[in-house]
Amino acid sequence: MFKRTHTCGELRKEHIGESVSLNGWVNTVRLHGQVIFIDLRDRYGKTQIVFNSEDYDGDFDTIKKLSMEDVLSIKGKVQSRGENAVNPDMPTGEIEVIVEAMELLSETAPLPFVITNRDSALEDLRLKYRYLELRTDELQHNIITRHKTYQAVRSYLSDQDFVEIETPILMKSTPEGARDFLVPSRLHNGKFYALPQSPQIYKQILMLSGFDRYFQIVKCFRDEDFRADRQPEFTQIDIEMSFVDEEDIFTNMEGMTRHVFKEVIGEDLPDPFPRLTYAEAMSKYGSDKPDMRFELFLQDVKEFTDKSDFNAFKSAECVKAIIVSDGAKYSRKIIDELTEFVKTYKAKGLAWMKTENGQLTGGISKFFDDSLQKEIIKSSGMNDGDIIFLIGDERSIVEPALGALRVEIARREGLTDPNMYKPVWVTSFPMFKFDEKEKRFMAMHHPFTAPRVEDIDKLESDPAAVLSRGYDLTLNGHEIAGGSIRIHSPDIQKKAFSLLGLSLDEAEEKFGFLVEALTYGAPPHGGIAFGFDRLVMLLTGSNNIRDVIAFPKTTSALSLMDGSPDTVSKEQLDELGILFKKKK
RNA sequence: GGGACCGUAGUUCAGUUGGUUAGAACGCCGGCCUGUCAAGCCGGAGGUCGCGAGUUCGAGUCUCGUCGGUCCCGCCA
């Protein structure tokens with residue numbers, strides 16, 4: 001092997017005349033009989049190398065057999081390309097290396113797909129051969145962006161006196177929240193560790209230990225069903241601070257987020273970030289993670305539909321609408337598609353009317369008399385050529401369904417500018433939501449979230465009305481971080497557990513160590529966790545979490561490359577004392 | 001747990017109303033070619049139509065099941 005003197009992305013005009021060595025993969029071969037052009041690739045770039053039968057000393061027939069993804073080591077001289085041969089699309093396009101000697105370091109087997117084109121194979125095949133897919137420009141760029149993001153986070157937080165501390169991966173299973181991944185214990189047959197859904201309890205305990213600014217870039221595990229932006233194992237930037245309130249958290253985390261966007265992609269985020277309450281977000285955007293890039297809002301139209309002859313809406317708790325400018329162009333077919341779309345969010349249907357010559361037309365317009373039409377047009381700010389979509393139902397159905405429709409229409413109309421970044425804090429979440437199936441309150445965030453001070457006496461009288469000190473950071477419709485000011489009083493923590501239906505015994509058994517820890521001098525504290533993978537998705541413009549993870553799993557949690565999960569030997573099971581139930 | 005879409009050559013796809021020998025492009029193999037940069041030209045090999053049942057004289061095509069992938073609802077912070 002000729003040890004490389006330069007990378008494949010490095011050589012420029014000023015290197016002309018130098019003798020160099022390059023190592024890399026064959027990206028493309030262009031064979032012209034007595035002259036052969038090869039683009040040699042490594043992670044830094046591509047350089048054209050030229051084999052000329054007149055100048056090349058070795059066996060020219062070997063060169064003719066080279067094919068994509070062979071690994072080469074070459075020695076040669078940098079030369080200028082002829083004026084007409086310059087490739088302006090390549091950073092190294094003004095030069096080429098005329099090869100004097102070549103060593104074939106590794107010959108590739110026939111490839112399962114074409115590496116230079118990610119679209120050349122379906123995702124399952126690309127995942128099976130992930131090491132090949134990782135050679136593509138796009139994934140190399142994503143993985144390097146991820147690296148830059150780690151570095152930007154670490155340097156910012158370290159400069160702000162945050163201490164990076166590792167917490168256990170093998171921990172106690174706790175009720176509440178997502179399903180745990182379990183790890184059987186050999187030394188304690190019949191007992192299990194759980195993999196952390198997050199280091200929540202450990203980081204709170206670190207606050208009690210006096211590490212008043214903690215962070216960790218850490219793997220978390222949740223055994224639930226997966227989506228385009230969810231994997232069974234994912235990475236969080238986990239952060240906790242002592243002696244703080246919401247304002248301290250916002251200031252510090254905005255600083256970190258702005259630093260990361262500036263360092264990694266050169267983007268300036270606003271200072272400060274805007275804020276919305278949960279109630280405002282739901283009412284105006286129909287989502288607790290609103291995409292703020294486009295002006296399209298939910299409007300309450302119940303007072304108008306109540307005066308109309310359209311009876312289906314009269315018994316509805318809530319009737320809301322969105323108005324799409326120039327939406328009158330929507331055909332019956334498109335409206336049908338949108339109707340099917342909102343039905344997946346439990347809406348029973350999608351009512352609509354178009355504006356034409358100051359009148360409402362089509363859809364349910366015949367149920368609105370002239371003066372009511374004028375009223376609704378004026379009040380909602382409709383113009384000729386617009387369309388209004390209405391949904392009436394329970395508020396908990398209307399708002400999410402219209403909120404989803406809002407995003408879908410923005411997508412169809414191209415309103416979601418991928419180069420625009422609009423962060424927003426969402427605050428004042430309800431403390432609990434009532435679970436109809438289990439007939440009990442569930443924590444909206446998690447059981448350690450503090451209630452607002454003014455709501456503490458409502459904890460028992462009216463739990464549904466209690467607002468929490470939780471907050472989410474949303475960017476372009478993606479929740480990128482969530483956190484809260486925590487409970488630091490053992491009494492209130494016990495009360496929160498009991499409201500969640502945990503008996504004293506259970507609370508003692510599962511979380512007793514935390515409650516006990518709170519009795520030994522607990523500073524007020526709070527924190528946040530960023531979804532690191534989602535953050536990198538936004539920084540790379542990916543719409544798929546698998547594109548920013550080196551070795552991701554499929555939506556059914558399989559790893560197609562190494563074939564996990566897999567069976568294990570009987571001996572391993574015996575040691576763990578595990579016997580399987582027969583599958584029916 | 002539920003819904004939608006997809007599975008045909010190494011790969012991406014086409015394949016009519018169920019009908020003779022399942023096509024194209026890229027890749028691969030062989031040949032020609034000294035300035036290409038997705039090189040070009042000529043020729044060739046390559047198929048358990050995901051798997052299993054069923055309907056039918058006849059199934060890539062229709063039905064059911066199953067495996068795998070993607071997206072969504074539920075779930076998940």
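Sequence lines set the chain letters: A, B, ... in the order given, protein chains first and strands last, and positions in each chain run from 1.
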Engineer: Return the value, rounded to whole Å, for the distance between atom CG of L125(A) and atom P of U8(B).
Structural biologist: 11 Å
Engineer: Take N52(A) and P110(A), find for each the nucleotide of RNA chain B with the closest heavy atom, and name the residue whose nucleotide sits nearer the 5' end.
Structural biologist: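 That would be P110(A).
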Engineer: Given the side-chain rings of F429(A) and Y471(A), with only the six-membered ring counted for Trp, is the space between their centroids under 6.0 Å?
Structural biologist: no
Engineer: In whole Å, I'd like the distance from the CD atom of Q236(A) to the C1' atom of C76(B).
Structural biologist: 12 Å
Engineer: Within the structure, does a side-chain N or O atom of K65(A) lie under 4.0 Å from either OP1 or OP2 of G30(B)?
Structural biologist: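 For G30(B), OP1/OP2 do have a side-chain N/O of K65(A) under 4.0 Å.
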Engineer: Which is more 5' along RNA chain B, the nucleotide nearest P112(A) or the one nearest R81(A)? Just name the residue.
Structural biologist: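 Per heavy-atom nearest nucleotide, the more 5' residue is P112(A).
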Engineer: How would you label the contact of G177(A) with the nucleic acid (heavy atoms, under 4.0 Å): base, sugar-phosphate, or nothing?
Structural biologist: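 Counting heavy atoms under 4.0 Å across all strands, the contact made by G177(A) is with sugar-phosphate only.
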Engineer: Apply salt bridge (Lys or Arg N to Asp or Glu O under 4.0 Å) to E413(A) and list each qualifying residue two or more places apart in sequence or on a separate chain.
Structural biologist: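 Residues passing salt bridge (Lys or Arg N to Asp or Glu O under 4.0 Å) with E413(A): K329(A).
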Engineer: List in chain and number order the residues that pass salt bridge (Lys or Arg N to Asp or Glu O under 4.0 Å) with K433(A), two or more places apart in sequence or in another chain; answer none if no residue qualifies.
Structural biologist: none
Engineer: Describe the nucleic acid contact of D89(A) in one word from base, sugar-phosphate, nothing, applying a heavy-atom distance below 4.0 Å.
Structural biologist: nothing
Engineer: So what does M68(A) touch, heavy atoms closer than 4.0 Å: a base, only the sugar-phosphate, or nothing?
Structural biologist: sugar-phosphate
Engineer: Report yes if the distance between the aromatic ring centroids of F511(A) and F448(A) is under 6.0 Å, otherwise no.
Structural biologist: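 They qualify: ring centres under 6.0 Å apart.
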Engineer: Can you list every salt bridge (charged side-chain N to carboxylate O under 4.0 Å, His left out) pair that touches residues 23-33 of chain A, not counting sequence neighbours?
Structural biologist: R30(A)-D39(A)
Engineer: Taking a pair as Watson-Crick or G-U wobble with both distances under 3.5 Å, which nucleotide is matched to C41(B)?
Structural biologist: G31(B)
Engineer: Identify whether any heavy atom of R222(A) sits under 4.0 Å from a base atom; if not, whether one sits that close to sugar-phosphate; answer base, sugar-phosphate or nothing.
Structural biologist: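 Contact class for R222(A): sugar-phosphate only.
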Engineer: For atom P, what is the distance between C5(B) and U63(B), given to the nearest Å?
Structural biologist: 12 Å
Engineer: How many Å lie between CD on Q34(A) and P on G40(B), as a whole number?
Structural biologist: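 Rounding to the nearest Å, CD of Q34(A) and P of G40(B) are 20 Å apart.
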Engineer: Please walk me through it: do H6(A) and L22(A) pass side chain to side chain contact (heavy atoms under 4.5 Å, CB included)?
Structural biologist: CA-CA 6 Å; H6(A) 298 80; L22(A) 297 177; 4.0 Å; yes
Engineer: Ion pair present between R469(A) and E246(A), side-chain N to carboxylate O less than 4.0 angstrom?
Structural biologist: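 So R469(A) pairs with E246(A) through a salt bridge.
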Engineer: Tell me which nucleotide, if any, is Watson-Crick or G-U wobble paired with A24(B) when both distances must be under 3.5 Å.
Structural biologist: U12(B)
Engineer: Taking atom C1' in both U55(B) and C76(B), compute the distance separating them and give it to the nearest angstrom.
Structural biologist: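 Comparing C1' positions in U55(B) and C76(B) gives a spacing of 44 Å.
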Engineer: Could you give the distance separating C29(B) and A45(B) at their C1' atoms, to the nearest angstrom?
Structural biologist: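 Each nucleotide's C1' atom is 7 Å from the other's.
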Engineer: G54(B) and A14(B): how far apart are their C1' atoms, nearest whole angstrom?
Structural biologist: 28 Å
Engineer: So if I define the base as every atom that isn't primed, P, OP1 or OP2, how would nucleotides 66-73 of chain B read as a B/S/- string at a heavy-atom cutoff under 4.0 Å?
Structural biologist: --SSSSBB
Engineer: Return all side-chain donor-acceptor pairs below 3.5 angstrom for residues 552-559 of chain A, not counting sequence neighbours, or 'none' if the list is empty.
Structural biologist:
from    : atom 1 : to      : atom 2 : distance (Å)
K553(A) : NZ     : E233(A) : OE2    : 2.9
T554(A) : OG1    : S556(A) : N      : 3.2
T554(A) : OG1    : S556(A) : OG     : 3.2
T554(A) : OG1    : L558(A) : N      : 3.3
S559(A) : OG     : D562(A) : OD1    : 3.1
S559(A) : OG     : D562(A) : OD2    : 3.3

Engineer: Distance check, P atoms only: G27(B) and A38(B), in whole angstrom units.
Structural biologist: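 The answer is 13 Å between these two P atoms.
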Engineer: Rounded to whole angstroms, how far apart are NZ on K64(A) and P on C33(B)?
Structural biologist: 7 Å
Engineer: Partner lookup for A59(B), please. Criteria are Watson-Crick or G-U wobble with both distances under 3.5 angstrom; report none if nothing qualifies.
Structural biologist: none
Engineer: Under 4.0 Å from OP1 or OP2 of U36(B): is there any side-chain N or O of R30(A) that close?
Structural biologist: no
Engineer: Given the C1' atoms of G23(B) and C41(B), what is the spacing between them in whole Å?
Structural biologist: 23 Å
Engineer: Taking the six-membered ring for Trp, does H32(A) stack with A39(B) (centroid gap under 5.5 Å, planes within less than 30°)?
Structural biologist: yes
Engineer: Measure centre to centre between the rings of H525(A) and H488(A), then say whether the value is under 6.0 Å.
Structural biologist: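 Ring centres of H488(A) and H525(A) not closer than 6.0 Å.
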Engineer: Checking contacts here: which listed nucleotide (C76(B), A39(B), U34(B)) is nearest the side-chain heavy atoms of T28(A)?
Structural biologist: A39(B)
Engineer: Whole-Å distance between U34(B) P and L31(A) CG?
Structural biologist: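 The answer, rounded to whole Å, is 10 Å.
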Engineer: Which whole-number value in Å describes the distance from I36(A) CD1 to U34(B) P?
Structural biologist: 11 Å
Engineer: By salt bridge (Lys or Arg N to Asp or Glu O under 4.0 Å), which residues pair with R12(A), not counting sequence neighbours?
Structural biologist: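 Salt bridge (Lys or Arg N to Asp or Glu O under 4.0 Å) list for R12(A), sorted by chain: empty.
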Engineer: Is A85(A) touching bases, backbone alone, or none of the nucleic acid, heavy atoms closer than 4.0 Å?
Structural biologist: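 Touches a base.
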Engineer: For C64(B), give its Watson-Crick or G-U wobble partner with both distances under 3.5 Å, or none.
Structural biologist: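 By the stated definition (distances under 3.5 Å), G52(B) pairs with C64(B).
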Engineer: Which whole number of Å gives the distance between the C1' atom of U21(B) and that of G7(B)?
Structural biologist: 25 Å
Engineer: Any side-chain N or O of Q197(A) below 4.0 angstrom from OP1/OP2 of A77(B)?
Structural biologist: yes
Engineer: Roughly, in whole Å, what's the span from CD in E69(A) to C1' in G10(B)?
Structural biologist: 15 Å
Engineer: Return the value, rounded to whole Å, for the distance between atom CZ of R179(A) and atom C1' of G1(B).
Structural biologist: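 It is 10 Å, rounded to the nearest whole Å.
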Engineer: Can you tell me how far C1' in U8(B) sits from the matching atom in A4(B), rounded to whole Å?
Structural biologist: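 Those two atoms are separated by 22 Å.
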Engineer: Counting heavy atoms from C-beta on, name the nucleotide in G35(B), U34(B), C75(B) closest to the side chain of R230(A).
Structural biologist: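 Nearest to the side-chain atoms of R230(A), counting from C-beta on, is C75(B).
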Engineer: Tell me what E96(A) touches on the nucleic acid: a base, only sugar-phosphate, or nothing, going by heavy atoms under 4.0 Å.
Structural biologist: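 Contact class for E96(A): base.
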Engineer: Could you check which nucleotide pairs with A4(B) in any of the strands shown, counting Watson-Crick or G-U wobble with both distances under 3.5 Å?
Structural biologist: U70(B)
